[in-house]
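The structure appears right after this line, and notes come after that.
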There are 2 protein chains.
Amino acid sequence: MDERSLRVERPEKTLRELALERMRDAIIASHFKPGERLVERDLCMQLGVSRTIVREVLRHLESEGLVATAGTRGPVVAVTTPEQALQIYEIRGVLEGMAARACAEKGDAKLAATLQAALDRIKSAYGRRRMDLVLDETTEFYRVLFVGAERDVAWGIVNSLTARINRLRSMTIRTPGRDIDGPTQMQRIVDAIRDGHGEGAYHAAQEHVGIASSLARALLADTPAA
Amino acid sequence: MDERSLRVERPEKTLRELALERMRDAIIASHFKPGERLVERDLCMQLGVSRTIVREVLRHLESEGLVATAGTRGPVVAVTTPEQALQIYEIRGVLEGMAARACAEKGDAKLAATLQAALDRIKSAYGRRRMDLVLDETTEFYRVLFVGAERDVAWGIVNSLTARINRLRSMTIRTPGRDIDGPTQMQRIVDAIRDGHGEGAYHAAQEHVGIASSLARALLADTPAA
DNA sequence: TAGGATATTATGGTATGCCAAAACGTCGGT
DNA sequence: ACCGACGTTTTGGCATACCATAATATCCTA
């Protein structure tokens, strides 16, 4: 037993931070459904924390758009209307296009390789029918894209918007043929970036989101609100 | 004294909501400076509310990006780095361009008139050297633009981003000649919208933000961090 | 049985308390 | 004068309490 093993490990995160992550993940994963009432005291029991923490977490989530509070009625999981969902796809289109263009103009071969690796992991997840992993790896792909583009502000926005349409995302990746078409479109993004084609990357990224948007539009025509 | 005067007026907003607005406005108006420590108990005294409310307000403002909390050190007013500020201008450029294009494609004469009225108010504020009003009326102009474009999600993003660079905004509108050039550029946006020119409106909006970005870049070269 | 009145319970808004850790001030030794 | 140890104060993390209002259940009457 040497000196290091006597060291006291201090918790890396506060209870509040842990609870926030847990709640955010639970909403994103549809454990709590859109429109569902989030009763503070129930959450206290589920999370095993006091109301103080629950309320503070709810304030965060309100500001993130994942929770809505209207008048005297308590907090509910936010409902993303079809109109909003389509707006979100549009915004993602312009921001992802912007990031893709910046990556292409950067001319960084290592970045292109990292994106390719991330895309390969998406393909692999599709191949294994691991749809949960497809979403996670897609998020990772875009994180690499925005970090590579040095656009952390836009990444914060896109990531937050994406959380609000996660149910829809989960549905679009399951549409027939998406497992082939989706990675093919993303491959075009990566290729354009590797080749340094700014406009090409911009349009490839926009097209990819545009197609997802069309899929979502069709799905929303069948089952409203996500 | 009739029946109506016996009615109990219930407060429209909770204490928390009022405190949140007050704090947000105070940060935006530079009452609290970037990097300044926001001590909970001090805020309690200044706002006249309990720590509960202060903490919940701080959670909101954290998620909005106006307040930062790092490790064991308490909350501070967020510092927007020059890099972030420039990113924010870039994002505004694409989102405002998108909204302007949507307005132009809408072909709504009433909307164009409302935008013109809003721009006239900006001009009037410039003429009276009321720079605080210039900022307020500019915000109103863009609110009308996004609402007219039916892009409330993008408006939420732009409004929130703009709050983070308000000091810089306050400085750019004060640069020599901006009082003439700014409204001229915005007039081009309004004209393109009135004439139904989608691409024209898009580029006019992008150009306007691009010029503000260049002014900001120059200012940031002199005085870092806002 | 249906509807209204009343009682009870649940819930959000808000304040206060406790405690551990961080920050700051003081003192003594070199 | 500087540094380290120690004591004191400040501060954030977190829990709990109180209260008014909203929601729900129960009871009584027509």
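Every chain is numbered from 1 and lettered A, B, ... according to where its sequence line falls, protein lines coming before strand lines. All values reported here derive from a predicted model rather than from experimental measurement.
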For the pair [X] (side chain) and [Y] (backbone), establish whether a donor and an acceptor sit closer than 3.5 Å, ignoring hydrogens and angles.
X: A/Glu62; Y: A/Ala68; answer: no
X: B/Ser160; Y: B/Gly156; answer: no
X: A/Glu21; Y: A/Leu18; answer: no
X: B/Arg174; Y: B/Ser170; answer: yes

Which one, [options], comes nearest to the side chain of [X]?
X: A/Val39; options: D/dC14, C/dG12, C/dA15; value: C/dG12
X: B/Glu40; options: C/dT11, D/dG12, C/dA15; value: D/dG12
X: B/Val49; options: C/dA15, D/dA15, D/dC18; value: C/dA15
X: A/Thr52; options: D/dA17, C/dA15, D/dA15; value: D/dA15

Nearest-Å distance for atom pair [atom1]/[atom2], residues [X] and [N]:
X: B/Met45; N: D/dT11; atom1: CE; atom2: C1'; result: 15 Å
X: B/Leu43; N: D/dT11; atom1: CG; atom2: P; result: 11 Å
X: A/Lys13; N: D/dG13; atom1: NZ; atom2: C1'; result: 17 Å
X: A/Arg51; N: C/dT14; atom1: CZ; atom2: P; result: 11 Å
X: B/Leu15; N: C/dT14; atom1: CG; atom2: C1'; result: 8 Å
X: A/Leu58; N: C/dT11; atom1: CG; atom2: P; result: 14 Å
X: A/Arg41; N: D/dA17; atom1: CZ; atom2: C1'; result: 10 Å
X: A/Glu62; N: C/dG12; atom1: CD; atom2: P; result: 12 Å

Taking for each residue the nucleotide of DNA chain D bearing the nearest heavy atom, is the 5' side occupied by A/Glu56 or by B/Asp42?
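Final value for this comparison: B/Asp42.
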Closest-nucleotide ordering on DNA chain D, the 5'-leading residue of A/Ser50 and B/Leu38
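Comparing both residues, the 5'-ward one is B/Leu38.
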Should the side chain of A/Arg55 and the base of C/dG12 be counted as holding a donor-acceptor pair, with the cut-off at 3.5 Å?
no
Side-chain donor/acceptor contact of B/Arg16 with base of C/dG12 under 3.5 Å
no
salt_bridge(A/Arg164, A/Glu64) N-O dist < 4.0 Å
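Salt bridge flag = no for A/Glu64 with A/Arg164.
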Do the side-chain N or O atoms of B/Arg37 get closer than 4.0 angstrom to the phosphate oxygens (OP1, OP2) of D/dG12?
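It does, given that an N or O in the side chain of B/Arg37 lies less than 4.0 Å from OP1 or OP2 of D/dG12.
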